[in-house]
Number of protein chains: 2
Amino acid sequence: MEMLDKGMPATPSETVQRAWARLIKAQRSALGRVERALKSAGLPPLAWYDALLELERVGARGLRPFELERAMLLEQYNLSRLLDRLEKAGYVERRACADDGRGNVVVITASGKAMRRRMWPAYAAAIEDAFGRHLSEQQAKNLDALLGALIARPHST
Amino acid sequence: MEMLDKGMPATPSETVQRAWARLIKAQRSALGRVERALKSAGLPPLAWYDALLELERVGARGLRPFELERAMLLEQYNLSRLLDRLEKAGYVERRACADDGRGNVVVITASGKAMRRRMWPAYAAAIEDAFGRHLSEQQAKNLDALLGALIARPHST
DNA sequence: TCTATATGCATGCATCTGCATTTACATGGA
DNA sequence: TCCATGTAAATGCAGATGCATGCATATAGA
């Protein structure tokens with residue numbers, strides 16, 4: 001985890017500190033609202049949607065857990081357990097992987113696709129309510145660009 | 001939790017969806033890195049810092065838990081337990097509240113102040129590394145403004 | 001004053017997460 | 001072929017979180 005401490009503590013500017021605090025709070029606020037909306041609609045949590053979406057996109061060929069892990073920026077053990085839950089709910093299947101005996105391939109089931117579709121309206125409304133409606137198109141674009149610079153793989157660097 | 005479903009599902013635009021996904025990932029990525037940096041330095045998690053900072057700012061008069069809850073945008077039970085941990089660690093004290101027999105007043109201790117001070121260098125370096133260094137001053141300012149629009153009290157609306 | 005309801009905070013229980021470790025297989029030498 | 005090392009994924013355990021609820025007190029209204 002070394003962070004090249006070449007001497008000085010690298011204190012972020014006041015502006016950066018403010019933006020940092022806002023990032024934490026804005027995300028917690030918005031994400032919390034979305035999760036609560038889903039739950040109150042009797043639907044599974046957000047992570048299920050994201051995983052199902054990724055899996056639906058690639059279709060029958062499926063994804064290796066480590067691919068999904070990278071796409072979703074999840075820790076390995078979190079993904080492993082998310083897959084446990086999705087599998088137990090019947091939304092995905094883990095199939096033995098032909099190329100690599102250690103791994104498996106995760107494929108979405110028909111009922112998984114159905115659940116994803118069923119989640120979308122509630123999810124969409126919640127995103128719009130907690131997030132979208134506070135921003136113009138242009139602002140959303142700018143925000144997207146600014147945040148893009150921040151995303152890095154867990155553990156990298 | 002009704003969300004005024006006046007008919008249509010209020011689907012967010014593509015742009016908003018992308019920005020939303022980025023917000024989740026950027027925050028998870030950056031926050032994860034900061035938490036790991038703190039932990040690997042043998043320090044308590046971020047929330048402790050934030051709470052101690054708020055408490056230090058108000059000094060000896062302290063804060064009611066519900067005030068802290070609002071400042072930090074935490075759920076009531078999460079704050080209650082955070083205070084349990086902080087209290088057990090000796091960093092805060094819960095004192096009976098004179099005005100209101102139901103509540104109490106939380107005050108930071110000397111050792112709490114010391115811990116906050118001790119955390120700052122590692123925390124600052126981590127923020128800078130995971131966040132600040134990716135942004136110019138102007139970008140940080142813009143990001144801060146954009147995120148400001150998103151913050152809302154949990155449960156409100 | 002008495003009663004209904006709201007507020008401040010805590011807590012039991014189930015679930016989820018973080019961390020370290022384990023298991024299984026893969027791969028590249030010697 | 002055998003071993004050392006690396007990588008994919010799962011898992012035991014401890015700690016954190018979400019939820020529902022409990023308890024004590026406050027407050028407003030009859």
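A note on names: the letters A, B, ... follow the listed sequences, proteins ahead of strands, and every chain is numbered from 1. Keep in mind that this is a model prediction, so the values were computed, not measured. Values below: every heavy atom of this structure, side chains too, minus hydrogens, waters and symmetry copies.
The base of C/dA10 sits with one of its N or O atoms less than 3.5 Å from a complementary donor or acceptor on the side chain of B/Gln76. If you check distances only, the side chain of B/Arg81 does reach the base of C/dG12 with a donor-acceptor pair under 3.5 Å.
For A/Ser80, the side-chain atoms get nearest to D/dA10 when compared with the rest of D/dG18, D/dA10, C/dC9. Side-chain atoms of B/Arg85 lie closest to D/dT17 of the nucleotides C/dC16, D/dT17, C/dC25. Among the nucleotides D/dT17, C/dG18, D/dA8, the one closest to any side-chain atom of A/Arg70 is D/dA8. Considering only side-chain atoms of B/Asp100, the nucleotide from C/dT17, D/dT25, D/dG18 that sits closest is D/dT25.
Distance, B/Leu82 CG to C/dT11 C1': 16 Å, rounded to whole Å. When the P atom of D/dA10 is taken as reference, atom CD of A/Glu69 falls 11 Å away, rounded to whole Å. Rounded to whole Å, atom P of D/dC23 lies 19 Å from atom CG of B/Asn104. As rounded to whole Å, 14 Å separates atom C1' of C/dG8 from atom CG of B/Leu68. For the pair A/Arg102 CZ and C/dA26 C1', the interatomic distance rounds to 5 Å; values are reported in whole Å. At whole-Å resolution of the value, CG in A/Asn78 and P in C/dT15 are 17 Å apart. In this structure, CZ of A/Phe66 is placed 16 Å from C1' of D/dA10, rounded to the nearest angstrom. Atom CG of B/Leu83 is separated from atom P of D/dT17 by 12 Å (rounded to the nearest Å).
Under the 4.5 Å side-chain heavy-atom criterion for grouping Ile, Leu, Val, Met, Phe, Trp and Tyr, B/Leu82 is connected to B/Tyr123 within one hydrophobic cluster.
In this structure, A/Ala140 and B/Ala19 approach most closely via the heavy-atom pair O-CB, 3.6 Å. Across all non-hydrogen atoms, the minimal contact from B/Pro44 to B/Met119 is O-CE, 3.0 Å. Closest heavy-atom contact between B/Leu23 and B/Leu147: CD1-CD2, 4.1 Å.
Between B/Arg64 and C/dC9 there is a side-chain N or O to OP1 or OP2 distance below 4.0 Å. Here A/Lys39 reaches the OP1 or OP2 of D/dC19: one of its side-chain N or O atoms lies under 4.0 Å away. A sub-4.0 Å separation between OP1 or OP2 of C/dC9 and a side-chain N or O of B/Tyr77 is absent.
Remark: B/Arg133 engages B/Asp129 in a salt bridge, criterion side-chain N to carboxylate O under 4.0 Å.
At a threshold of 4.0 angstrom between heavy atoms, the contacts of B/Asp84 with the nucleic acid are absent.
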